[in-house]
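Worksheet: one structure, shown below.
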Amino acid sequence: MKDFDTYIFDLDGTLLSSLDDLAASTNYALRWAGMPERTTEEVRMFVGNGVKLLMERAIPDGQQNPRFEEVYAKFREHYLKHSLDRTRPYEGVIGMLRELKRRGKKLAIVSNKFYAATQDLARHFFADTIEVAIGERENIRKKPAPDTVLEALRQLGASKEGAVYVGDSDVDVMTAKNSGLPCISVLWGFRDKDFLIEHGATLFVEKPQEILANL
């Protein structure tokens, strides 16, 4: 694998196994509203483009439902309190990040998760390795737009040359393309290899340690 200077990581499904907490908060909000709950596998397929779209897919009739905003608000309220209940880094992720850092690489997170949760999770799990963490904000377009990636590069003082994007979903493949970066697709996250290939992925790793190969 090419020796990159800068690594821009997706968060959920790439660095963090967060599906259980996302599903728990989704179903908490749905139960509160008297709506049908969703299975974990359904939530797995709903995630990948921000929590608002997750709830749009989970709530019957999505944003057309007159109670959408209040149920979405209930999800946010619950998730901000419970985002660390069962969420953990995938096996091998911490060691991979520390080795990249030791080798002088610049590291950042870009996520469609709302900004406060992205910051909290980055500080909790990756304070000694991740320099920049950017979540969803009103003044910046979410992925697959390139805005968060370009902002991360700006804050790192890095250029596109020598940078790579690492993610687990079709949204990540498009984000990398729109940002003008190569994409490493991980196979331990929310989407399988066949799905990723169908959406344009070409470079894959099965374990975090493979990101370090040939560096």
Side-chain angles (χ1 to χ4, degrees), residues 4-19 21-22 47-54 76 79-80 83-84 87-160 162-191 205 208-209 211-212:
F4 297 103
D5 300 317
T6 304
Y7 290 75
I8 309 295
F9 291 94
D10 171 56
L11 186 59
D12 295 290
T14 300
L15 298 180
L16 292 182
S17 176
S18 55
L19 183 61
D21 284 333
L22 288 165
V47 299
N49 201 14
V51 291
K52 191 161 192 175
L53 186 56
L54 160 61
R76 287 174 59 98
Y79 189 70
L80 284 171
S83 63
L84 294 173
T87 291
R88 297 291 183 272
Y90 288 101
E91 183 178 356
V93 159
I94 294 295
M96 176 267 294
L97 292 175
R98 287 176 176 167
E99 181 60 17
L100 287 174
K101 187 74 171 179
R102 187 189 70 80
R103 298 183 189 187
K105 309 304 181 181
K106 295 180 178 181
L107 310 177
I109 289 169
V110 295
S111 176
N112 280 343
K113 188 187 295 291
F114 34 89
Y115 188 81
T118 301
Q119 292 284 306
D120 287 347
L121 290 166
R123 282 193 296 266
H124 184 82
F125 290 112
F126 311 118
D128 62 339
T129 53
I130 299 292
E131 302 169 47
V132 171
I134 299 172
E136 181 181 356
R137 292 183 293 182
E138 289 184 1
N139 62 340
I140 191 167
R141 291 181 299 169
K142 67 181 183 179
K143 301 184 292 183
D147 300 37
T148 53
V149 173
L150 299 179
E151 176 62 15
L153 291 172
R154 186 191 69 78
Q155 291 189 28
L156 288 171
S159 66
K160 290 184 182 180
V164 64
Y165 185 94
V166 185
D168 73 300
S169 73
D170 52 318
V171 173
D172 294 315
V173 174
M174 287 301 302
T175 300
K177 180 179 179 181
N178 292 339
S179 303
L181 300 184
C183 183
I184 299 173
S185 294
V186 309
L187 297 180
W188 56 80
F190 296 159
R191 302 290 186 267
V205 291
Q209 293 84 348
I211 293 174
L212 303 171

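The figures that follow rest on heavy atoms only: side chains count, while hydrogens, waters and symmetry mates do not.
Between the side chains of T175 and D172, not a single donor N or O lies within less than 3.5 Å of an accepting N or O.
Taking R137 as the reference, nothing meets the side-chain hydrogen bond (donor to acceptor under 3.5 Å, both in side chains) condition, with sequence neighbours excluded. Annotation: salt bridge (charged side-chain N to carboxylate O under 4.0 Å, His left out) contacts of K101 (sequence neighbours excluded): E131. Every residue two or more places apart in sequence or in another chain that forms a salt bridge (charged side-chain N to carboxylate O under 4.0 Å, His left out) with R123 is listed here: D120. Residues satisfying the side-chain hydrogen bond (donor to acceptor under 3.5 Å, both in side chains) test with D21, not counting sequence neighbours, are T87. Every residue meeting the side-chain hydrogen bond (donor to acceptor under 3.5 Å, both in side chains) condition with D128, not counting sequence neighbours, appears here in chain and number order: R98. S185 meets the side-chain hydrogen bond (donor to acceptor under 3.5 Å, both in side chains) test with no other residue; sequence neighbours excluded. Qualifying salt bridge (charged side-chain N to carboxylate O under 4.0 Å, His left out) partners for K52, counting only residues two or more places apart in sequence or in other chains: E69. For E151, the salt bridge (charged side-chain N to carboxylate O under 4.0 Å, His left out) partners are R154, not counting sequence neighbours. When the ring pair (Phe, Tyr, Trp, His ring centres under 6.0 Å) test is applied to F114, no partner is found at least two apart in sequence or on another chain. Qualifying side chain to side chain contact (heavy atoms under 4.5 Å, CB included) partners for A116, counting only residues two or more places apart in sequence or in other chains: L80.
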Problem set entry | L121/F126 under side-chain contact (heavy atoms from CB on, under 4.5 Å): CA gap, chis, key distance, verdict | CA-CA 8 Å; L121 290 166; F126 311 118; 6.0 Å; no

Which atom pairs, donor and acceptor, lie under 3.5 Å between side-chain atoms of residues 8-19 and protein residues at least two apart or in another chain?
unit_1	atom_1	unit_2	atom_2	d
D10	OD1	K143	NZ	2.9
D10	OD2	T14	OG1	2.8
D12	OD1	S18	OG	2.3
D12	OD1	K113	NZ	3.2
D12	OD2	K113	NZ	3.0
T14	OG1	D168	N	3.3
T14	OG1	D168	OD1	3.3

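From M96, atom CE reaches atom CD1 of I211 across 4.0 Å, with rounding to the nearest 0.5 Å. Taken from OH in Y7 to CD1 in I184, the straight-line distance is 6.0 Å, to the nearest 0.5 Å. We find the NZ-CG distance between K160 and L153 to be 8.0 Å, quoted to the nearest 0.5 Å.
Sorted by first and then second residue, the salt bridge (Lys or Arg N to Asp or Glu O under 4.0 Å) pairs involving residues 176-187 (not counting sequence neighbours) form an empty list.
Residues T6 and A158 come closest through the heavy atom pair OG1-CB, 3.5 Å. Considering every non-hydrogen atom in both P208 and G92, the closest pair reads CB-O, 3.6 Å. Nearest heavy atoms, A108 versus L156: CB-CD1, 3.7 Å.
Counting heavy atoms from C-beta on, the side chains of Y165 and V173 never come closer than 4.5 Å. With contacts defined as side-chain heavy-atom distances shorter than 4.5 Å, the pair V205/V186 qualifies. For the pair I134/T118, no side-chain contact is recorded, criterion being any heavy-atom separation below 4.5 Å from C-beta on. Within the 4.5 Å cutoff, no side-chain heavy atoms of K106 are placed close to those of D5. Between I130 and F125 there is no side-chain heavy-atom pair separated by less than 4.5 Å. No side-chain heavy atom of L100 sits under 4.5 Å from any side-chain heavy atom of T129. V51 places none of its side-chain heavy atoms less than 4.5 Å from the side chain of Y79.
Environment of CD in Q209: crowded, with over 12 heavy atoms of neighbouring residues, nucleotides or ligands closer than 6.0 Å.
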